[in-house]
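Below, each value reflects all heavy atoms present in this structure, side chains not excepted, and no hydrogens, waters or symmetry copies. Treat the numbers as computed from the prediction; the structure is a model and nothing was measured.
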Amino acid sequence: MPFDSPGGLAAAAGLLGVCVGSFLNVVIHRLPQMMEREWAAQCAELRGESPSTAAEPLSLARPRSRCPACGHPIGALENIPIISFLLLRGRCSACSAPISARYPLIEAITGLLSAYAAWHFGPTPQTIGALLLIWALIALTAIDFDTQLLPDSITLPLLWLGLGFNLVGVYTDLPSAVIGTMVGYLSLWSVFWLFKLATGKEGMGYGDFKLLAALGAWLGWQMLPAIILLSSVVGAVVGIGLIVVARRGRHVPIPFGPYLAAAGMIALFWGQPITRGYLGLMS
C-alpha cells in the first residue's frame, strides 16, 4: 500500500500512532512520579538534607515495565499494543491481576487520531506537526485527569515547537503565532487573577495558561476564541454530567487542561470552518 495514497498514509500513521500510544502510557504513568521525586529532592536540598537514594532510579526508559501487583517484568510479547491486552484478556500472565483498560484505550485513540490527521492533511508538513501536537495533547490530557498537573516538560517544548513550525507558515503566519502565544497566556492569566481577587480562590493552574499559549503558537490568535468557547462548552457539559451521573461534589476540582486539549484538536482539524460559520451567523 503506497504511502502517497490517502489510505496508505493513514494506515501507516495509524500504526505508528498505536506504537506511540504505548509509549505515551509510560509517559502518563511515570512523568508525574518523576516530577514528585524532583520536587522532594529540591525540598530536601533547601532543608540542607542529603537527597534520598533509597528509591529505585526512575526514568521514561528505566526500569523495565512490570506488573504493579506482582512485579512480573513485561516481556516483548506481552507489550504489543492492543493485541497483547486482548490475548491476555486484560490480566497479568503471572498473577492474573487485572490490567487497566486505559492502556489499550490510549493506544487506540492515539492510532485513530494519527490516522485521521494523515488522511486529513495528506503528505504535507502539516501531518508531521499534527501528529506531534496530538501525541502531546493526549499525554497532557491523561496526566491532568490523574494529577491536575500539566508538566512544563511537555507544554513549553510544545509552545516552541509550534512557533518553529510557523516560522515557515505551516499552520499560520509567524506574527499570528506569536500574538497567539501572548494572548493565549495572558487571557487565562487575567481570568485567573480576576477570579482570585473576587473569590480568594485559584480557579485554574498555570499549566492551563501555558497550554493555551502553546495552542496559540500552533494555530494563531484567530483560533483562540473558538478554542476557549469549545473548551468551556465541553467542560461545562462534562462537569454537569459528573455532578449528575457520578454524583461528584460541586467543590471537587475538575481539570481544565483536557477540555483545552480537546478544543485544540477540534480547532486543528475544523477551526477555520467553525470560525467562518460563527462569523456568518453573527453577520
Side chain proximity check, Leu140 to Pro151, heavy atoms < 4.5 angstrom:
yes

Same hydrophobic cluster for Tyr116 and Leu131, using side-chain heavy-atom links shorter than 4.5 Å among ILVMFWY?
yes

ring-ring contact (aromatic ring centres under 6.0 Å, His included) partner of Phe192, chosen from Tyr185, Tyr206, Phe256
Tyr206

Look at the side chain of Trp218 and the backbone N and O of Leu268, then say whether any donor-acceptor pair between them is shorter than 3.5 Å.
no

Closest heavy-atom contact between Cys70 and Cys95?
SG-SG, 3.5 Å

Of all heavy-atom pairs linking Phe121 and Ala130, the shortest is CE1-CB, 3.7 Å

For the residue pair Leu24 and Ala139, what are the closest heavy atoms and their distance?
CD2-CB, 4.2 Å

Between Val20 and Ser114, is any pair of side-chain heavy atoms under 4.5 Å apart?
no

Flag yes if Leu112 and Ile138 sit in one hydrophobic cluster, no otherwise; membership is Ile, Leu, Val, Met, Phe, Trp, Tyr, and two members link when side-chain heavy atoms are under 4.5 Å apart.
no

Taking the side chain as every heavy atom from C-beta outward, state whether Thr172 and Trp221 have any atom pair closer than 4.5 Å.
no

Could you walk me through whether Leu212 and Ile228 satisfy the side chain to side chain contact (heavy atoms under 4.5 Å, CB included) test, starting with their C-alpha distance in whole Å, then the side-chain angles of each, then the deciding distance to 0.1 Å, before giving a yes or no?
CA-CA 9 Å; Leu212 187 57; Ile228 294 173; 4.0 Å; yes

Just verifying a value: how many Å separate Cys92 SG and Leu88 CG, rounded to the nearest 0.5 Å?
8.0 Å

Does Leu260 reach the side chain of Met204, with side-chain heavy atoms less than 4.5 Å apart?
no

CG of Leu215 to CG of Leu158: how many Å apart, nearest 0.5 Å?
7.0 Å

Rounded to the nearest 0.5 Å, what's the gap from CG on Asp208 to OG on Ser187? Could you check?
11.0 Å

So, Arg30 side chain and Arg62 main chain: donor-acceptor pair closer than 3.5 Å or not?
yes

Decide if atom CD of Gln42 counts as having more than 12 heavy atoms of other residues, nucleotides or ligands within a radius under 6.0 Å.
yes

Could you tell me whether a side-chain N or O of Gln126 sits under 3.5 Å from a main-chain N or O of Tyr171, the two making a donor and an acceptor?
no

Under the side-chain hydrogen bond (donor to acceptor under 3.5 Å, both in side chains) test, which residues partner Asn79, sequence neighbours left out?
none

Mind checking whether Ile28 and Arg102 have side chains closer than 4.5 Å, heavy atoms only?
yes

Nearest heavy-atom pair of Tyr259 and Val234: which atoms, and what distance?
CD2-CG1, 3.7 Å

Is a side-chain donor or acceptor of Ser231 paired with a backbone partner of Ile227 at a separation under 3.5 angstrom?
yes

Side-chain heavy atoms under 4.5 Å apart, restricted to Ile/Leu/Val/Met/Phe/Trp/Tyr: what other residues fall into the cluster of Leu194, or is it alone?
none

Mark yes or no for whether Asp144, through its side chain, and Pro255, through its backbone, hold a donor-acceptor pair below 3.5 Å.
no

When you measure from the side chain of Thr181 to the backbone of Ala177, do you find a donor-acceptor pair of N or O atoms at a distance under 3.5 Å?
yes

With no hydrogens and no angle check, is any side-chain donor or acceptor of Ser84 less than 3.5 Å from a backbone partner on Leu77?
yes

Distance from Leu105 atom CG to Thr110 atom OG1, nearest 0.5 Å?
9.0 Å

Starting from the C-alpha separation in whole Å, work towards a yes-or-no answer on side chain to side chain contact (heavy atoms under 4.5 Å, CB included) for Asp152 and Met35.
CA-CA 10 Å; Asp152 286 352; Met35 294 168 62; over 6 Å; no

Is it the case that more than 12 heavy atoms not belonging to Ile83 sit under 6.0 Å from its CD1 atom?
no

Would you compute the distance between atom CG of Leu58 and atom CD of Gln33 and round it to the nearest 0.5 angstrom?
5.5 Å

Which residues end up grouped with Leu174 if you chain together Ile, Leu, Val, Met, Phe, Trp and Tyr wherever their side-chain heavy atoms are less than 4.5 Å apart?
Leu159, Trp160, Leu163, Leu167, Val178, Met182

Ignoring hydrogens, what is the shortest heavy-atom contact between Leu224 and Gly180? Give both atom names and the distance.
CD1-O, 3.5 Å

Stepwise side chain to side chain contact (heavy atoms under 4.5 Å, CB included) check, Leu87 with Ile80
CA-CA 10 Å; Leu87 293 177; Ile80 303 172; over 6 Å; no

Would you say that Ile134 contacts Leu137 through its side chain, given a criterion of any heavy-atom pair below 4.5 Å between the two side chains?
no

Quick check: is Leu156 connected to Trp189 through a chain of hydrophobic side chains (ILVMFWY, heavy atoms under 4.5 Å apart)?
no

Flag side-chain contact, heavy atom, 4.5 Å: Pro32 against Ile143:
yes

Should Ile128 and Val170 count as side-chain neighbours, where that means a heavy-atom distance under 4.5 Å?
no

At their closest point, which heavy atom of Glu107 faces which heavy atom of Gly21, and how far apart are they?
CG-C, 3.8 Å

Working to the nearest 0.5 angstrom, can you tell me the gap between Phe209 CZ and Leu188 CG?
6.5 Å

Linked, directly or transitively: Trp39 and Leu150 (ILVMFWY side chains, under 4.5 Å):
yes

Are Leu60 and Ile106 co-members of a hydrophobic cluster defined by side-chain heavy atoms under 4.5 Å apart?
yes

